[in-house]
Amino acid sequence: MTTREFDGIRLEKVREHVWEIPREGEMNVPARVLASESLLEEIGDDDSLQQLKNATHLPGIVEPALCMPDGHQGYGFPVGGVGAIDARTGCISPGAVGYDVNCGVRMVKTNLTYDDVRGREEELVDALFEAIPSGLGGGGVIDGDADAIEGALERGVEWAVEEGYGIESDLARCEDEGRRPDARPEYVSQKAMDRGRNQMGSLGSGNHFLEVQRVTDVFRADVAESYGLEEDGIVVLIHCGSRGLGHQTCNDYLRQIEKEHGDLLDELPDKELAAAPAGSELAEEYYGAMGACINFAWVNRQLITHQARKTFGEVFDADPIEDLGMELLYDVAHNIAKKETHEVGVDAEGRPAVGDEAVDRAERELYVHRKGATRAFPAGNADVPETYRDVGQPVIIPGSMGAGSYVLRGGDQSMSVSFGSTAHGAGRLMSRTQAKQEFWGGDVQDDLEDGQQIYVKAQSGATIAEEAPGVYKDIDEVIRVSDELGIGDKVARTFPVCNIKG
DNA sequence: ATGTGC
C-alpha cells in the first residue's frame with residue numbers, strides 16, 4: 001500500500017487521487033484528501049491535514065471528512081474542506097463555513113470576441129474600476145437603507161431583479177435561484193447590518209476581483225454549446241462575498257456558540273471548530289442568519305453585474321443585454337452550509353454509521369459545510385436549473401490573475417465521492433504576509449502587462465502582491481484531479497484580459 | 001476574508 005506521512009499524520013492511497021486518513025482515537029469518521037501526489041505535498045505543507053483530522057471529531061459527521069485538491073489551512077477547518085454533518089443528531093460549525101459567508105463567483109457571458117476588446121483593454125479596465133467600488137471602504141453601488149438591507153437579506157437576487165438591477169433570467173442562473181428560502185434576517189445583528197449598509201455592490205479586498213476574460217480552450221464541445229461558450233468569446237468573472245456583514249455574523253455566532261456550548265467545545269481538539277448542536281437555538285439562529293448573509297452576497301454580485309453591464313454598454317455603445325448578450329452563465333457559492341439530502345451508510349438503528357458498522361444505506365438530511373468548495377451537481381439532479389439539467393450544473397473555478405480560470409460541469413461521481421462538491425480555485429501556496437515579502441505589487445503588474453497583455457488595476461499594490469500568480473497552486477493540476485475523479489468535468493478554460501481588484 | 005486583534 002502506498003502511504004505518505006506529514007507531521008505524524010499518515011495517509012493511505014485508496015486509489016488514484018484519493019488519500020485516506022484512517023479512523024483512530026477520537027475520530028468519528030475517516031478523512032479523505034482528493035489530490036494528486038504533487039498537490040498532496042502542498043496540502044501537507046501547512047496545517048490543513050491536522051485541521052481536516054480535527055474536523056472528524058465533530059459530532060454527527062458523516063464519512064468521510066473531505067479536503068479538495070486546492071485545500072489549504074483556514075480558521076479551524078481547511079479552505080477546500082467539505083464536512084457533511086447529520087442535521088438531526090449532529091451540529092453546525094461557523095468555522096467550517098468560513099468568515100466570508102457565500103464568497104462565490106459568477107460568470108457573465110458576452111457575444112464580444114477578443115478582437116473586439118483588443119487595444120481597448122485600458123479604456124475598459126479604467127471604466128470598470130470607476131464604476132465598481134473596490135477595496136476596504138469606498139462604499140457600495142447603492143445606499144443600503146433599512147428597506148434595501150431587509151430586501152437583500154430576505155429575498156436575495158429576487159429583490160435585486162425586482163428593483164431593476166438585473167433581468168428575469170438571472171434568477172434561474174444562480175445556485176438556489178439566488179435566494180435561500182430558509183434565510184432569517186431577524187437573526188442578523190444590527191452591527192452586522194450596519195457594516196453591510198455601505199457595502200451593497202462592492203468587491204472588497206484580498207482575492208476578490210472582477211476580471212474580463214477570453215475563452216481559450218473548449219474541452220467538451222456539447223456542454224460548452226449548452227452553456228453558450230465559444231472559443232475567443234469574452235466573459236466577465238465576478239468573485240466576491242458578503243463583506244463586513246457576513247464577517248460580523250460569523251464572529252457574532254462564534255462568540256455566542258463558544259459561550260453557550262462549552263461542553264461540546266471541550267470535546268473538540270480546536271476551539272476554532274466551535275459548533276452548535278443540531279436542534280439548539282443557536283444552531284437554528286446561526287443557520288437562518290447565515291442564509292441571510294448568503295442572500296446578501298448574491299445581491300452584492302448582482303449589483304456588480306449590473307454595473308458591469310452598464311459599463312460595457314457605455315464602452316461599446318450598445319445595449320448590454322440586447323446587443324452584447326450579457327447573460328449570466330451561473331453563480332456558485334464557495335462558503336456555505338446547507339441542508340441537503342444525501343445517501344449515507346446507516347447502522348441497524350438507522351443512524352449514520354462508519355465502514356463495517358453501516359449495514360444499509362439511506363437518505364439523510366445533512367448540514368453540508370462547503371468551505372472553499374463548490375457544489376457540483378451532475379446531470380439529471382433536480383436542483384440543477386432546467387436549462388442545464390441535461391448536461392450538469394456549471395461550476396466556475398477562478399484561477400489567479402496570471403493563469404486563467406475554468407468552467408466545469410458537475411461530474412457523475414460527485415454525489416458518491418464528495419457530497420456533490422469539487423474545488424473552488426487554485427488554492428493559496430503561502431500566507432498573505434509571506435506573499436508581500438516575496439513580491440512587489442508594481443512589478444507583478446508590469447510583468448502581467450508586458451509579458452501576457454493582462455491589464456490589472458487595483459486600489460492597493462499590496463493586494464496585487466498578496467494575489468501574485470506565484471502565490472497560487474497550479475490550477476491546471478487542480479482541475480485535472482477534479483476531472484479525472486469525475487466530480488467536476490472540464491468544459492472550457494479562460495485567460496485574463498483585464499482585472500480590477502481591491 | 002475583515003472598519004487587517006481580543
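A note on names: the letters A, B, ... follow the listed sequences, proteins ahead of strands, and every chain is numbered from 1.
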### Message
Expressed as a whole number of angstroms, how long is the span from A:Glu258:CD to B:dC6:P?
### Response
11 Å
### Task
Please state how far atom CG in A:Asp252 lies from atom C1' in B:dT2, giving the value in whole angstrom units.
13 Å
### Separation of atom CG in A:Leu245 from atom C1' in B:dT2, rounded to whole Å
12 Å
### Query
How do A:His247 and A:Glu466 order along DNA chain B: which one's closest nucleotide is nearer the 5' end?
A:His247
### Query
Rounded to whole angstrom units, what separation is found between the CZ atom of A:Arg243 and the C1' atom of B:dT2?
8 Å
### Query
Does A:Leu136 or A:Glu467 map to a spot on DNA chain B nearer the 5' end, using the closest nucleotide for each?
A:Glu467
### Task
Would you mind classifying the nucleic acid contact of A:Lys371 as base, sugar-phosphate or nothing, using non-hydrogen atoms under 4.0 angstrom?
nothing
#### Entry: Sugar-phosphate, base or nothing in reach of A:Gly241, heavy atoms under 4.0 Å
nothing
### Query
Looking across every strand, which nucleic acid part, if any, lies under 4.0 Å from A:Ser205 by heavy atom: base, sugar-phosphate, or nothing?
sugar-phosphate
### Task
Anything under 30° is parallel, anything over 60° is perpendicular, the rest tilted; go ahead and classify A:Phe77 against A:His369.
tilted
### Query
A:Asn198 has an atom CG; how far is it from atom P of B:dT2, in whole Å?
13 Å
#### Entry: Over 12 non-hydrogen atoms of neighbours within 6.0 angstrom of CD in A:Glu281
no
### Query
What integer distance in Å separates A:Lys191:NZ from B:dT2:C1'?
12 Å
### Protein-nucleotide distance (A:Gln248, atom CD; B:dC6, atom P), rounded to Å
11 Å
### Message
Can you confirm whether A:Glu130 is buried at CD, in the sense that more than 12 heavy atoms of other residues, nucleotides or ligands lie under 6.0 Å from that atom?
### Response
no
### Message
Using whole Å, what does the distance between atom C1' of nucleotide B:dG5 and atom CG of A:Asn251 come to?
### Response
10 Å
### Query
Should A:Arg301 and A:Asp331 count as an ion pair when the cut-off is N to O under 4.0 Å?
yes
